[in-house]
Each structure stands twice: as C-alpha cells, then as structure tokens.
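The structure appears right after this line, and notes come after that.
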Amino acid sequence: MKEDVTIKEIDNVVVLFSGDSGDGMQLAGNMFSTVSAVLGNDICTFPDYPAEIRAPQGTLGGVSGFKVHVGAKDILTPGDHCEVLVAMNPAALKREYKFLKSSSIIIIDSDTFTEGDLKKAEYKTLDPFEELGIKNHVIDAPLTSMCISSLKDYDMPPKAKSKCKNMMALGLVCWLFNRSVEHAEEMLRTKFAKKPEIAEANIKVLNDGYNYGHNIHASVPTTYKIESKQHEKGIYTDISGNKATAYGFIAAAEKAGMELFLGSYPITPASDILHELSKHKSLGVKTVQCEDEISGCCMSIGASFAGDMAVTSTSGPGLALKSEAINLAVMAELPLVIVDVQRGGPSTGLPTKTEQTDLLQALFGRNGESPMPVVSTTTPCDCFDAAYWACKIAQEYVTPVIILSDAFVANGSSAWKLPDLKDYPEIHQHLVTPEMKETWSPYLRDPKNFTRFRALPGMEGFMHVIGGLEKDQQTGKISYDPANHAEQVENRRKKIEAIAKDLPLLEVQGDADADTLVIGWGGTYGHLLEATKDLQKGGKKIAMAHFQWINPLPLNTEKVLRSYKRLIVAELNDGQFAGYLHMKFPNLPQMYQYNRVEGQPFIVEDLVNAFTKILED
Amino acid sequence: MEKKYTAEDFSNGVKGRWCAGCGDFGLHAALKKALAEIGTAPCNTEIITGIGCSSRMAYHMGGYCFHTIHGRAIAVASGAKIAKPELDVWTVTGDGDCMAIGGNHFIHALRRNVDINIVLLNNRIYGLTKGQYSPTSARGFVSKSSPYGTVEDPFKPAELTIGASGHFFARCVATDLPGSVEMLEAAHAHKGASVVEVLQNCVTFNDNTFGDIYTKEGRAHKAIYLHQGEKMLFGVNKEFGLAQDGFNLKVVKVGEDGYTLDDVLVHDAHCEDTTLQIKLAQMEGPDFPVALGVIRDVKAPNYDWAVEDQIDQVKAKKSYHNFAELLLTNDTWTIK
C-alpha cells in the first residue's frame, strides 16, 4: 500500500476509452461524460469507430474509441490529446497512443496483453511499450479476470461476466477523477430495466472497479478533481447531433401544427436520424425506410405535396442520388428538408469519418439554375436549431432546404439545456386563403418574398397541376417562353436571397482591433474558437467569424470580410467555402487557407501553429 | 347522398396534345369517366405522373395533379398516400417510366402494398424520346436504338406484378372505353396497390403493336374477357373456352372433340395461388387469346393503414404525446 495520494485540481480532462468494437467502450465513455455533466461539467464527446461491424477480435481494424472531454466550462472540442487512455487490448494501445502526452496515464487490461494478443495487433516484440516508445505511467490491471472473480457468485455464463469489464474500467476512471458512481448506477438500472440481473452485475463490477482503485491507489501518485462551474439553471440532458437533429424536426412539426414525415434509406453516418424518428409514433411521426435514396427523397416530396412536414436524411453519396428529386422540389416549389450528414468521400470514401466536402455539391450539385438554402450545424446542440430553422424556412418560403451536418457533430454529444418551444418562433405554412379562389394560380408569388401560395389536396376550389416543367408565372401553365423562363429563374433566385433578412447577422468573436479574421463554417466551430482563444491568451490579436448559414449568407458578410486585412478560411476540405466566398465577393482581402482532408476533425494545436505562422507572415 | 360527379368535373379543360389516334386519348376519357363514377371529390383525388407521353395526363385532369420526374411517380405517390391515406392517389405511367427507370419503385410499392392505383400504359416503345425500344418490346424489335433488332427479352408487366407480391392486376385496351372504365373502378375498389395495364398502340413509332385486339371485332376473336366466377369463354358466339391441359391451358371448342362446358375453367381472381393467374396473363396469339379483365384481386393488409394503426397502438402504449413530454423521457439532470 502506498501513502495517501494527492488530489490535484484541474479545469479540464480528456479520457479516451478504447478497445475492441465489442468491448463496450462507447457505453463506458458515454456514461463517464454523463456522470460528469450531472456534476456540473461541460462535456464534449467524439466516438471514432470502425466501418466494419466486427473486425476480427484484437486486430487494429477492430479498434473502437470514444473520447470524452469534460471540464469546468467552455469545453468546445473533444480535445487533441488525452490525459487518460484506457486501452482494453494491445491493438487499442497501438491505434490510440498517438493521443498521449508525456503526463498521460494509461490503463490497460493486462489479461489481454498475451503473446497471442500482441501478435494479432502486429507487434514485433513482446514489450509493446518499449516497441512504441511509451514512457507513460501505466496502471496495469487484470480487468477481465477481476471482473470474472467479482461476479463469481452470480449465475451467469462466463462470457456474459467478462462482458462487464468495461464497467471495471469505468469504475477505475471514476475513482481516478474522484467521481461518485451513483449516477452511473442509475443509468445502468435504466438501461437494463428489463434485465435487472444484468444491471446488478454491471453495478457490482463498477463498484469493484472503483474500490480497486481506492484500495490499492492503483499505484498512482495523484488523482484529480475536475472543477465544476455553475451552469445556467435548467434541466439538461446529454445529446448527440443526430438526435438533436431529429428533435429539431419533431419540434418544428409540432410548432407548425403539422404531421412529420421522413422518407429515408439507411446510410452511415445519418441512420441514427431515421432510428430516432422511427421511435416516435406516439407523436404521430411517420418514417418510411424506402427502397433507395431516390425513393426516400421522392416519398418525402409526395408527403409534402399532400401536406405533411417532410424531411429526408442522407450522407454525401445519397445526396448525389437525390439531386434530381431535390431539383423537382426546387422547380415545383415544395417545402422539403434534406439533411446530409457529411462523411469522407468521394464515392464510398470513409463512411464513418468526418469531412466538409459536400459543400459545393449542396450548393451547386443539380442541373439548371437551382438555388437552394443551405444551413450547416456547428455543434451537437446546434443541430436542434439548424433542423428547426430549416423546417421553418422550407415552409415559409416553399422551398427545399439542405442541412449540412457531419459525422463529427452528428456522433459527438454535449450537454443540452432542454429547450422550451415557447422560445422558438412560429412556423407558418405559406398557403392560399379562401378569397384567393377566383384569381389564384399555382405560381403567383407573394410580392414581398417571391414565394408562391400553396394549395393542399383536400382544399375545395384550388385543384391544379404542378411539376418539373417550367411554368408561366401568371397562369401556371407549361411555358417555353424565353422571357418567362428568364424571369422565373430570377424569381427563384430572389426568393432564396429574400430569406437572408430572416437570418441572424454574422457575429465576430475575439479582438475588436484584430486585423486577421479566422473564418469557418459548420462542425469546425469548437476547434476554431478554441484555437482563436488560445492565440488570444498567447497575446495575439485575432478574431473569428463562423458561418451557420451558407446560402443565403448573412447580410453583413461582405462588410465583415472587407473590414480585415487578412482572412484565414479553415475547413475540412480542399477550399470549397473559400472558393465560394471568392465567387460571391470578388477582390476580397488577402485570403489564406487552412485545409485538412484526413477524415478527422481539426487538431487545435495544429490550428494554433498554422495561424501563428500566418500572423507572423 | 354522396355528391355525383361527371367526367367534366375531372377535366381541367386543357385538351390533350398527343398524336392523333394515340391511345392516351382513350385512357384520358376512361379515367375521367371512372373517377366520376367512383365519386371521390376532385379535391380529394391526386393524380401523380412520371415522364413520357402518358405521364402528360397530369396536365389534362381535374384534381390535385403532380407531373414529377422520370420513373419516380410511384415513389412520390406512395409518400402522398402514406402521408394522407384518406385521399385517393392515382399514378399514370408508361412502360419506359414504370418498367425501366422506375422499376425499383414499382416492385417495392407492390411489395409494401401501398393503396395506390397504378395505371400503366404499355405501348412497347419510348414515344416522347422519339422511338427507342422499351423494356416491354419483344426480342428482335427494330427501333432507332436497335437497328439490327434487340437481343434482350421483355418484361411482362403481369409477371413482374405477381412476382413482386402484387395483389391486383387487370388489363384493358385503350380503345375499349367500357372495358377500361371497369378496370379502373375495380382497381380503385381494391384496397392496396393495384396495377392496370392498358394496352395501346403508339401511332407514330409503334403502330399496330397490339394488332387485332385494338378493335372490338378483333377482340371478339383474339381476346378473352375474364369475369369473376364465370366460365372462361370467348369468340363471337362464346364458342371457345379455356381448359386445363396437364399443367398448361388449352383452347377448346365447346361441343367439339368431346369437350363440354364442364371442361371450361371458371375464373377466380380472388385465388391466393397465382399459378393459373400467371398462365392467363401470359397468353398471347396466335394460339391463345389475350386475357383482359381483372386477372388477380386478392385481399391483403395495406401499408398506409397499417402505419395509422401502429400510430394508434403506440399512442395508447407510450406515455409521451408532445415534444415537452418527449424531452423528459431522456436521462436528465437539473441545475438549480
């Protein structure tokens, strides 16, 4: 036994849980983040899982990781490096050791570091630490055998017993950070409500993991206490981006007094939106798992035509398939929301990884002049607002709207203060009124915002035909008249431009007197803000503007951009937003670009280094 | 009393612009007449079409009409029906639109059994793109895109329908107004996805593809009208009948070669087993008459109402019924 350990106060910590994809690391990570959030911490999580469901056990391809960043406040990213790495096998150690700092602690399950396991993970020697050059402190605990002996009095098959080892690891991590396991116990009871004996077994192992750390002090000199700050009063939950997106749709439909319809086809990393909405039949939500992506979009268009609030969910390859149908919604002028949870491309690309490479596809990937609103999601919680606003704009301007989410935001989670729908704006369908009966035709527009008035099936006296052929703007009949077509092209463009007045202005954060502006959009918000703040802390003058709306851009965009000497556009692609800004606003101030296309989120440290270099340029 | 409508109530007053003599004119008249007799209000009727000559039907009908994109009418119609099952949804499509580019939606709508009525105008040619062979053109068919004849076999819509678990298939000829009206009404009466194959010539690019049966006289000799529960008889004086011959059918003359009326089969469209229905649908000249009428009409649960039922059941079972209640089903914590 060691003497008393010291407890160090820290303001944030990153724990990376990693193991075989069947080891339950996502659950352990999720529980640690929720336990921390309940204690008043800010949280940000990021799962990194393989595309294969179960690669051979113990191999590098099967490693599944879950990063949890918890701290006092303003936790904007899942963090670059980790303070604690839990590696349930040698493959996990090999895959994740790049995230270690010299001060990081490693927890390993020593039961899995046998010669055979090392071989499966392609080590050349029998000393993985020496081989990888790791000099960190290692808590070397036989988690699997401890788990089995902890459950020796339980009537369970040995395989089921060893499955609880993730709770052994979680208990140990909770001890290391002086976190009570009370809330984790509650979570297990809820999760296994229908199998109370499994819940109790997991709780037993969780506590034994905690006690193990406590009793032997796990040969660590220091444990940590994470400061917590009082958050805004309210009820909170931990929410992922995809779930928040689904909730945004449900909220918008309820506010508009409409039924929600989702036509979709399973695709990584968007399927969780389909899964989530499929659960909520008690709210009247209809979901159809269609025969293909095209049908997903077309069924939603049909539902919209019939009067439902219609959405369709997909990822990049699916957006490509849907593009002709989306264009029908552009031309027929029907409300529709398409959410594209971006992944690595092109083609099948990197299905489980994150990128921002669908921006130009969303803006321009259709035949003809086909303007469409595009809104991005900046954080997991922001997905709720983006989805809500996309539905509002779609209904009020009778147009399809694309939401660009991404795998990072969609799978990541953070603490979310439960919203009150009273705080959200009304959503009005742009419908005909009875007095229009005599004079109405389907493409007559509201002079205020160039939006046509819709009549829904079932309304007496408004029968009509719409479709993909160009229509006369007065009569609604098919028209190949050159002047009419030119005007309709302009009308459709002006309609989308008119949306800008309903959108928030672009905000600038950072130094008021900076002459360099960092620009980003979508899911890179946290990383860019953290990098900007780090630079400010280091005495640099810098500001940042982050775009949620891509089309139309906020009304003050040009003014903001032209008030800086230098612009740095940072994005997870080869420069699509930078190119778009150049197209929109010729002769902008000197523009630098920072681009990463690795299928991974930014690394704050790399951003700071790159921006520092530019600032010194 | 339900309000009665006339065919004119289902016209938007815009005259069809098909080639003179096109079968689309015949179907246009039949559809309007059938809708009037069905009696659903025009404002509760949706007519959703794809791309092709026949899909232009949307521009000439009363009701809520939607001219969509190539091959996708059935998907759009499925969404419309599932969203609002209380409305009547019709799809008008052609052999290219439905069997080629839209084939996937066609088979899955049948499998799912969404209660939509699919009117499939089959002229065995692409007309609007000016004369390429279609997925229903016969092997060896010479067209602009197959100058030496095709080297592929056609789909037969009935086989595809039954193969995709379809529960309703009927066939009529575009020039046969009463026959077409009857089939359209039967399709509407069937709850679930129904397919009406309308045989038509393309006067411009594939004239006479259906030969003799395009006229009333021709049909008397070369077609058989199938009626539920009735003997399968045809001919000017109903002198011919269809009888069983091992696992096949054969044409017999009643009173000759020892065949009596008792040997003639009775049509049963309600039979679950598809064997005989497929045989009937496959018949073609010169040895057999072409089968017209409701060939298959079997009851089955349909998707759109099953969704409504499930919603009712889940509503009764679950404790949350609005967004605020949904939020509280999550694992939450309170900061005071």
Side-chain angles (χ1 to χ4, degrees), chain A residues 34 37-38 40 183 187 190 230-239 247 250-251 254 259 261 263 280-284 286 288 290-292 294-295 298-303 305-308 310 324-325 328 332 418-421 457-469 477-478, chain B residues 12 14 41-49 51 58-59 61-84 86-87 89 104-105 107-108 112 307 310-311 313-315 317-324 326-328 330-336:
Chain A
T34 304
V38 171
H183 191 81
M187 287 177 79
T190 315
Q230 227 22 345
H231 278 76
E232 205 185 324
K233 282 180 191 165
I235 305 173
Y236 286 78
T237 189
D238 178 18
I239 199 161
Y247 274 27
I250 292 171
E254 184 170 314
E259 286 174 352
F261 182 101
H280 302 306
K281 283 224 159 66
S282 71
L283 304 175
K286 288 177 184 166
V288 183
C290 299
E291 58 274 20
D292 57 31
I294 296 170
S295 177
C298 286
M299 280 219 202
S300 298
I301 288 172
F305 176 69
D308 273 9
E324 189 198 14
L328 173 65
L418 301 188
D420 187 338
L421 271 193
M459 289 179 172
E460 184 88 59
F462 286 99
M463 277 82 77
H464 64 279
V465 53
I466 57 168
L469 286 169
K477 293 192 173 137
I478 303 172
Chain B
N12 66 353
V14 179
C43 70
N44 292 329
T45 302
E46 292 167 72
I47 297 160
I48 297 173
T49 67
I51 293 292
Y59 290 103
M61 298 294 298
Y64 278 85
C65 302
F66 192 2
H67 179 230
T68 68
I69 44 177
H70 203 19
R72 317 300 171 202
I74 291 172
V76 174
S78 296
K81 183 67 184 178
I82 297 164
K84 299 282 183 261
E86 64 276 19
L87 301 177
V89 179
N104 202 26
H105 311 309
I107 56 174
H108 285 278
R112 244 177 231 122
V307 169
Q310 204 172 52
I311 286 175
Q313 284 165 21
V314 178
K315 271 185 180 167
K317 214 167 102 188
K318 293 276 180 192
S319 60
Y320 62 97
H321 299 97
N322 61 44
F323 180 67
L326 165 69
L327 287 176
L328 294 176
N330 288 281
D331 186 21
T332 60
W333 63 91
T334 305
I335 294 182
K336 288 173 188 148

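Reminder, nothing fancy here: chain letters follow the sequence lines and each chain counts from 1.
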Contact origin within His280(A) toward chain B - heavy atom pairs under 4.5 Å
both

Given heavy-atom pairs under 4.5 angstrom as the criterion, report whether the side chain, backbone, both or neither of Ile74(B) touches chain A.
neither

Proximal component of Ile466(A), with respect to chain B [non-hydrogen, under 4.5 Å]
both

Below 30° counts as parallel, above 60° as perpendicular, anything between as tilted: where do the rings of Trp333(B) and Tyr236(A) land?
parallel

Pairs of heavy atoms under 4.5 Å with chain B: top-ranked of Glu324(A), Met187(A), Glu259(A)
Glu324(A)

Does any backbone or side-chain atom of Glu46(B) lie under 4.5 Å from a heavy atom of chain A? Answer side chain, backbone, both or neither.
side chain

Picking from Ser282(A), Ser295(A), Ser300(A), Gly467(A), which has the most non-hydrogen pairs under 4.5 angstrom with chain B?
Ser282(A)

Pick from Cys290(A), Pro457(A), Ala310(A), Ala251(A) with the largest number of heavy-atom pairs that fall under 4.5 Å of chain B:
Pro457(A)

Most contacts with chain A, counted as non-hydrogen pairs under 4.5 angstrom, among Thr68(B), Asn104(B), Asn12(B)
Asn104(B)

If you count heavy-atom pairs under 4.5 Å with chain B, which of Ile239(A), Asp420(A), Ile478(A) comes out on top?
Ile478(A)

Using 0.5 Å steps for rounding, measure from the CD1 atom of Ile301(A) to the CZ atom of Phe66(B).
6.0 Å

Most heavy-atom pairs under 4.5 angstrom with chain A, which of Ala80(B), Ala58(B), Ala41(B), Cys43(B)?
Cys43(B)

Greatest number of heavy atom pairs closer than 4.5 Å to chain B - which of Gly284(A), Gly263(A), Ala37(A), Gly468(A)
Ala37(A)

Evaluate the side-chain proximity of Lys281(A) to Lys318(B): yes if any heavy-atom separation is below 4.5 Å, no if none is.
no

Tell me if a side-chain donor or acceptor on Thr334(B) pairs with a main-chain N or O of Ile235(A) at a distance below 3.5 Å.
no

Ile82(B) versus chain A, the contacting section by heavy-atom distance below 4.5 Å
both

Tell me, do Ile250(A) and Leu326(B) make a side-chain contact under 4.5 Å, heavy atoms counted?
yes

For each of Ser319(B), Gly63(B), Ser78(B), tally heavy-atom pairs with chain A at distances under 4.5 Å, and name the one with the top tally.
Gly63(B)

Looking at Val465(A), Asp238(A), Thr34(A), which makes the most heavy-atom pairs under 4.5 Å with chain B?
Val465(A)

Among Arg112(B), Glu86(B), Met61(B), who wins on heavy-atom pairs under 4.5 Å with chain A?
Arg112(B)

Please look at Ala77(B) and chain A and tell me whether the side chain, the backbone, both or neither of the residue comes under 4.5 angstrom of a heavy atom of that chain.
neither

Run the side chain to side chain contact (heavy atoms under 4.5 Å, CB included) test on Asp331(B) and His183(A) for me, step by step, so that the C-alpha distance in whole Å, both residues' side-chain angles and the decisive distance to 0.1 Å come before the verdict.
CA-CA 10 Å; Asp331(B) 186 21; His183(A) 191 81; 3.4 Å; yes

Check for a donor-acceptor pair, side chain of Lys286(A) on one end and backbone N or O of Val307(B) on the other, with a separation under 3.5 Å.
no

Counting only N and O atoms by type, is there a donor-acceptor contact under 3.5 Å from the side chain of Glu254(A) to the main-chain atoms of Phe323(B)?
yes

How many angstroms lie between CZ in Arg72(B) and CG in Asp292(A), if you round to the nearest 0.5 Å?
7.0 Å

Test your reading of the model: is there a side-chain donor-acceptor pair from Tyr59(B) to the backbone of Lys477(A), 3.5 Å cut-off?
no

Hey, does Ile335(B) have a side-chain heavy atom less than 4.5 Å from the side chain of Glu232(A)?
no

Atom pair CG (Leu469(A)) and CD1 (Ile69(B)), whose distance is rounded to the nearest 0.5 Å
12.0 Å

Could you tell me whether the side chain of Asn330(B) reaches within less than 4.5 Å of the side chain of Tyr247(A), counting heavy atoms only?
yes

So which heavy atom on Lys84(B) is nearest to which on Ala306(A), and how close?
CG-O, 3.5 Å

For a 4.5 angstrom cut-off between non-hydrogen side-chain atoms, does Ile294(A) reach His105(B)?
yes

